[in-house]
Every structure is written in structure tokens, then in C-alpha cells.
Amino acid sequence: MVATLYLASGSPRRRELLTQIGVPFTTLAVTIDETPLADETPATYVERLARDKAAAGLAGLAGDRQAVVLGADTTVALDGRILGKPGSRAEALAMLRALGGRGHEVLTAVALASAGRCEARLVRSRVTFRPLAAAETEAYWATGEPLDKAGGYAIQGLAAVFVSHLEGSYSAVVGLPLCETAQLLAEFGIPCWQRQ
Ligand SMILES: Cc1cn([C@H]2C[C@H](O)[C@@H](COP(=O)(O)OP(=O)(O)OP(=O)(O)O)O2)c(=O)[nH]c1=O
């Protein structure tokens with residue numbers, strides 16, 4: 001019997017990506033504390049959050065032995081500094097100014113939790129932005145797109161015109177590394193391509 005998969009995420013991107021690979025799931029709402037710990041590296045941070053989201057989702061299912069819960073987290077790292085979702089216009093403009101004309105890392109972790117088991121994969125991608133003019137970053141902020149995105153941009157959206165180079169996993173930058181997610185799901189007995 002195939003386990004029941006739950007997606008512990010409010011992200012529409014993650015729902016679309018998981019649907020893309022033909023895996024049926026039910027969405028769960030979870031709330032966790034996303035504050036980085038003192039001296040936490042971006043890699044440790046994203047993996048901890050992905051695991052916390054999966055564990056919080058599983059805890060809410062109260063002993064369902066068939067349940068497998070997927071949690072994921074994405075963050076942008078610039079010179080080892082974590083750039084999360086901008087909380088204000090000023091913060092978004094500062095992030096975009098810092099990202100323009102150079103490369104940065106996007107880290108996404110995916111975690112699966114079931115009764116007595118939790119495993120995670122971390123995927124690093126490198127994204128390079130062409131130089132950005134101040135007027136452009138202001139116009140981009142005005143579109144509303146930066147607000148709920150790590151690093152204040154969406155590669156799958158209007159910010160695609162900023163990206164001169166990508167090395168790594170496109171789906172991971174958007175929010176869920178599909179190759180690694182499919183491999184992890186298979187380890188938990190959940191196949192992809194179940195429905196098109
Ligand atoms: C860099 C980048 C991030 N993002 C998004 C992916 C994530 O939704 C978001 C990072 O925030 P997360 O905290 O990873 O996720 P979330 O709060 O949106 O959803 P969840 O409920 O699963 O915690 O940034 C893009 O959509 N495109 C991009 O190019």
C-alpha cells in the first residue's frame with residue numbers, strides 16, 4: 001500500500017512543482033519559527049527549517065502510521081549571509097541592490113518525515129544577476145512580486161530578466177528540487193508519475 005503524502009507548505013509554487021511530477025498529496029498548514037539561530041550557516045538553517053516543517057506537519061496528524069509529510073525551505077545566501085523574504089520596500093531594494101551584477105547561492109532543502117523517520121536533501125544552486133539599475137529595482141518592487149520570495153525575487157516570474165546565468169536546479173530555486181524530491185519520495189515508497 002502506497003503511503004499518504006502530505007505537503008506541509010503554504011507555498012503555491014511547491015504545490016505546482018509537486019503536481020508537475022505526478023504525485024498526489026494533501027496540503028497541511030504549518031507554522032514554525034523561521035528565525036535563524038546565532039551563527040547558523042545558510043545550509044544548516046534551510047535543512048533545519050525543512051525538517052521542522054515536516055515534523056510539525058506529522059505532529060498535527062496525531063499518529064497516522066501511513067502518513068509521509070514533506071517540508072521544504074528555500075533561502076538566498078550572499079557571502080554567507082541569509083537573505084530571507086524582505087519585510088519592507090527598503091529591505092527588498094537593499095537585497096536587490098546587493099544581488100545585482102554578481103552571483104549568489106540559492107539553497108533549498110526538502111525533508112520527508114514519517115513515524116520514526118526523517119530524512120532531508122540539500123540542493124545548492126548558483127544564480128547570477130546582470131547589473132540592475134535603481135529605477136529597475138524600484139519598478140520590480142512595485143509589481144508586488146518580491147514580497148513573499150526569499151532574496152526578494154522570483155526566477156519563475158518577472159525577475160527572469162535579471163538572471164544571466166544559472167548553475168544547479170531550476171526547480172530548487174523556485175522552491176522544490178524535483179530530481180532530489182522524487183528520489184527521496186521513492187525511498188519512502190512513493191512513486192512519481194502517478195497521474196499526469
Ligand atoms: C529565490 C526564489 C524563491 N522563491 C520562493 C520559494 C519559497 O516559496 C519562498 C521562500 O520561502 P520559504 O520559507 O522557503 O517558503 P514559504 O514560506 O513560501 O512556504 P512554506 O509554507 O513552504 O514555508 O521564496 C521563488 O518563488 N522564486 C525564487 O526565484
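A quick note: this is a predicted structure, and the numbers were derived from the prediction, not measured. First listed ligand is number 1; within each ligand, the first listed atom is number 1.
- Regarding atom 2 (C) of ligand 1, its nearest protein heavy-atom neighbour is V173 O, 3.3 Å.
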Checklist entry - Where do E145 and Y153 land on the side chain to side chain donor-acceptor pair (under 3.5 Å) test, with the steps shown first? => result CA-CA 7 Å; E145 196 173 87; Y153 77 90; over 6 Å; no
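- L93 and L147 fall within a single hydrophobic cluster, where Ile, Leu, Val, Met, Phe, Trp and Tyr are joined by side-chain heavy atoms under 4.5 Å apart, directly or via other members.
- For atom 1 (C) of ligand 1, the closest heavy atom belonging to the protein is A150 O, 3.5 Å.
- Nearest to atom 16 (P) of ligand 1 among the protein's heavy atoms is K85 NZ, 3.4 Å.
- Residues E34 and R48 are not paired through a salt bridge, judged by the lack of any N-O separation under 4.0 Å between the basic side chain and the carboxylate.
- Look at E105 and R126 and you find no salt bridge, because none of the NZ, NE, NH1 or NH2 atoms lies under 4.0 Å from a carboxylate O.
- Shortest contact from atom 8 (O) of ligand 1 to any protein heavy atom: R13 NH2, 3.0 Å.
- Looking only at side-chain heavy atoms (C-beta outward), I82 and Y45 come within less than 4.5 Å of each other.
- What sits closest to atom 21 (O) of ligand 1 on the protein, heavy atoms only, is G10 N, 2.7 Å.
- Neither the backbone nor the side chain of L49 has a heavy atom within less than 4.0 Å of ligand 1.
- Near D73, meaning under 4.0 Å from one of its heavy atoms, ligand 1 places the atoms 12 (P), 13 (O), 14 (O).
- For ligand 1 and T74, the ligand atoms under 4.0 Å from any heavy atom of the residue are 10 (C), 14 (O).
- Every atom of ligand 1 with a heavy atom of D148 under 4.0 Å away is listed here by number and element: 9 (C), 24 (O).
- With salt bridges taken as basic N to acidic carboxylate O contacts below 4.0 Å, one links R121 and E187.
- Atom 7 (C) of ligand 1 has R14 NH2, 3.8 Å as its closest protein atom, hydrogens excluded (heavy atom only).
- Short contacts between ligand 1 and I155, defined as distances under 4.0 Å to a heavy atom of the residue, involve ligand atoms 27 (N), 28 (C), 29 (O).
- The backbone of V174, and not its side chain, has at least one atom closer than 4.0 Å to an atom of ligand 1 (non-hydrogen atoms only; backbone = N, CA, C, O).
- When the side chain to side chain donor-acceptor pair (under 3.5 Å) test is applied to R130, the partners found at least two apart in sequence or on another chain are E136.
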Checklist entry - Checking salt bridge (Lys or Arg N to Asp or Glu O under 4.0 Å) for the pair R89/E91: CA distance, chi angles, key distance, verdict? => result CA-CA 5 Å; R89 176 180 184 274; E91 205 183 335; over 6 Å; no
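- Within the 4.5 Å cutoff, the side chain of R97 has no heavy atoms near those of the T137 side chain.
- Residue S11 has at least one heavy-atom neighbour below 4.0 Å for each of these atoms of ligand 1: 8 (O), 18 (O), 19 (O), 21 (O).
- Contacts between K149 and ligand 1 below 4.0 angstrom, taking non-hydrogen atoms only, involve backbone and side chain alike.
- No side-chain donor-acceptor contact under 3.5 Å links S171 and R14.
- Heavy-atom proximity to K53, at under 4.0 Å, picks out these atoms of ligand 1: 12 (P), 13 (O), 14 (O), 15 (O), 20 (P), 22 (O), 23 (O).
- Close approach to S9 involves these atoms of ligand 1, each under 4.0 Å from a residue heavy atom: 19 (O), 20 (P), 21 (O), 22 (O).
- Per-residue contacts place Q156 under 4.0 angstrom from the following atoms of ligand 1 (heavy atoms of the residue considered): 25 (C), 26 (O), 27 (N), 28 (C), 29 (O).
- Scanning all heavy atoms of the two residues, the minimum distance from A67 to L61 falls at CB-CD1, 3.7 Å.
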